[in-house]
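Every chain is numbered from 1, with letters handed out A, B, ... down the list of sequences.
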2 protein chains.
Amino acid sequence: MSDGPQPQTGQSLLFLTDEQLRKGIEAMFFAYRGFTADPDRILEEKSYGRAHHRAIHFIHRNPGTTVNNLLSILGVTKQSLNRVLRTLIEDGLVASTVGKRDKRERHLHLTTEGAVLERALSDAQRDRMRAAYRAAGPAAVAGFRQVLEAMMDDQARHHYEAMKDVTE
Amino acid sequence: MSDGPQPQTGQSLLFLTDEQLRKGIEAMFFAYRGFTADPDRILEEKSYGRAHHRAIHFIHRNPGTTVNNLLSILGVTKQSLNRVLRTLIEDGLVASTVGKRDKRERHLHLTTEGAVLERALSDAQRDRMRAAYRAAGPAAVAGFRQVLEAMMDDQARHHYEAMKDVTE
DNA sequence: GACAATACGTCAGCTTTGTTGACATTCCAA
DNA sequence: TTGGAATGTCAACAAAGCTGACGTATTGTC
């Protein structure tokens with residue numbers, strides 16, 4: 001209602017029609033499938049799943065993170081994360097060390113072997129992302145990131161921003 | 001390695017660094033969670049899942065589609081789709097009619113009740129998408145769509161484009 | 001020192017949604 | 001007309017999410 005066709009200055013609001021939004025929705029669906037396809041192939045060989053990938057990715061990004069912190073980043077229950085984490089630790093990809101200051105905490109790191117898998121998964125996913133970025137160009141990429149950030153929940157955006165400035 | 005800092009003409013290739021790509025990957029992950037959050041809440045009340053949402057969405061977009069066609073759009077096995085479809089048919093949201101020309105085929109439509117749920121889900125998802133679009137602006141939206149399209153598999157892009165011109 | 005709160009791990013059981021394999025029906029072409 | 005291909009259904013199983021309950025070690029507080 002509030003977005004009726006008010007004659008707008010120059011740049012019209014045509015990009016906010018239901019039809020345009022629907023296409024955006026479908027683009028997200030199809031693109032996300034492409035986004036996960038390449039790592040999925042690698043994971044399948046090792047009989048891991050997407051959950052393992054997510055854990056590995058964020059442990060890599062936040063080395064030494066605690067289980068609780070990882071939980072809130074991933075937005076799953078601890079039972080669910082624990083199952084994944086246990087297999088990764090058993091398989092020697094992730095190391096869990098007792099906290100120095102607080103001995104209740106476990107700090108998570110990738111082992112050398114874990115870092116190898118992380119690199120393989122990351123490379124596969126980045127290759128596709130790079131091709132898409134290159135095809136679309138820098139201006140499109142900026143817009144892409146802007147829209148995605150606006151689509152996040154507040155909590156997710158917080159995590160996202162927190163990791164942003166690791167290397168910036 | 002291949003994207004070392006080669007001095008580029010004007011517009012640098014800084015947006016293709018591993019770090020930038022990694023942020024794009026994380027943006028996709030967090031944004032997709034937001035993207036599905038609102039419909040998920042509605043679905044939970046009716047004890048349906050995301051798979052039901054996808055089926056309803058694409059049946060709405062391609063009324064009269066066959067099971068096989070829906071299969072190739074959704075990219076799952078027919079057994080998986082069948083379970084979802086069966087509950088939707090039992091619950092009276094989807095109508096399945098035997099094909100006239102080919103009696104092996106089943107043509108799928110939303111019932112009135114199905115269309116009501118589709119609308120509710122669609123509205124919820126579009127609201128978030130609209131807010132993100134509005135916040136980012138038309139230029140960003142164009143870039144967003146460009147990058148997503150470039151990220152799709154060929155087959156997905158084909159389906160995406162095929163549905164594009166329904167109303168254009 | 002007693003006791004509540006925190007961080008983590010685990011067990012049991014359930015749901016959704018993906019998989020493979022077997023099977024019925026229908027169409028088409030040799 | 002008959003055998004193979006295509007379409008869709010049923011059965012059983014696996015991955016990965018969830019809730020709830022409980023145990024243990026540690027921390028911090030009264």
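- Thr36(B) places a side-chain heavy atom less than 4.5 Å from the side chain of Arg50(B).
- At a threshold of 4.0 angstrom between heavy atoms, the contacts of His107(B) with the nucleic acid are absent.
- Annotation: of the two residues near DNA chain C, Arg104(B) and Ser96(A), the 5′-most nearest-nucleotide partner is Ser96(A).
- Using a 4.5 Å heavy-atom cutoff, the side chains of Arg119(A) and His60(A) are not in contact.
- Using a 4.5 Å heavy-atom threshold, the side chains of Met152(A) and His158(A) count as separate.
- Put simply, chain A comes within 4.0 Å of DNA chain D, heavy atom to any atom, from dA16(D) to dT27(D), going 5' to 3'.
- In terms of position along DNA chain D, the nucleotide closest to Ser47(A) lies nearer the 5' end than the nucleotide closest to the other residue of the pair Arg106(A) and Ser47(A).
- Applying a 4.0 Å cut-off to non-hydrogen atoms, the residues of residues 75-93 of chain A that approach DNA chain C are Lys78(A), Gln79(A), Asn82(A), Arg86(A), listed by residue number.
- Side-chain contact between Phe58(A) and Glu26(B): present, with at least one pair of heavy atoms (C-beta onward) separated by less than 4.5 Å.
- Residues Leu110(B) and Val94(B) meet the side-chain proximity criterion, which asks for heavy atoms closer than 4.5 Å.
- If you walk DNA chain C from 5' to 3' and mark each nucleotide with an atom closer than 4.0 Å to a heavy atom of chain A, the marks span dA5(C) to dC11(C).
- Donor-acceptor pairing under 3.5 Å is lacking for the side chains of His107(B) and Ser96(B).
- Each of Thr87(A), Asp91(A), Asp40(A) was evaluated against Tyr48(A); a single residue qualifies, Asp91(A), per the side chain to side chain donor-acceptor pair (under 3.5 Å) test.
- Counting heavy atoms from C-beta on, the side chains of Phe29(B) and Tyr160(A) never come closer than 4.5 Å.
- Residues Val67(B) and Glu105(B) have side chains not in contact (no heavy-atom distance under 4.5 Å, counting atoms from C-beta outward).
- Taking the six-membered ring for Trp and thresholds of 30 and 60 degrees, Phe35(B) and Tyr32(B) have ring planes inclined between 30 and 60 degrees apart.
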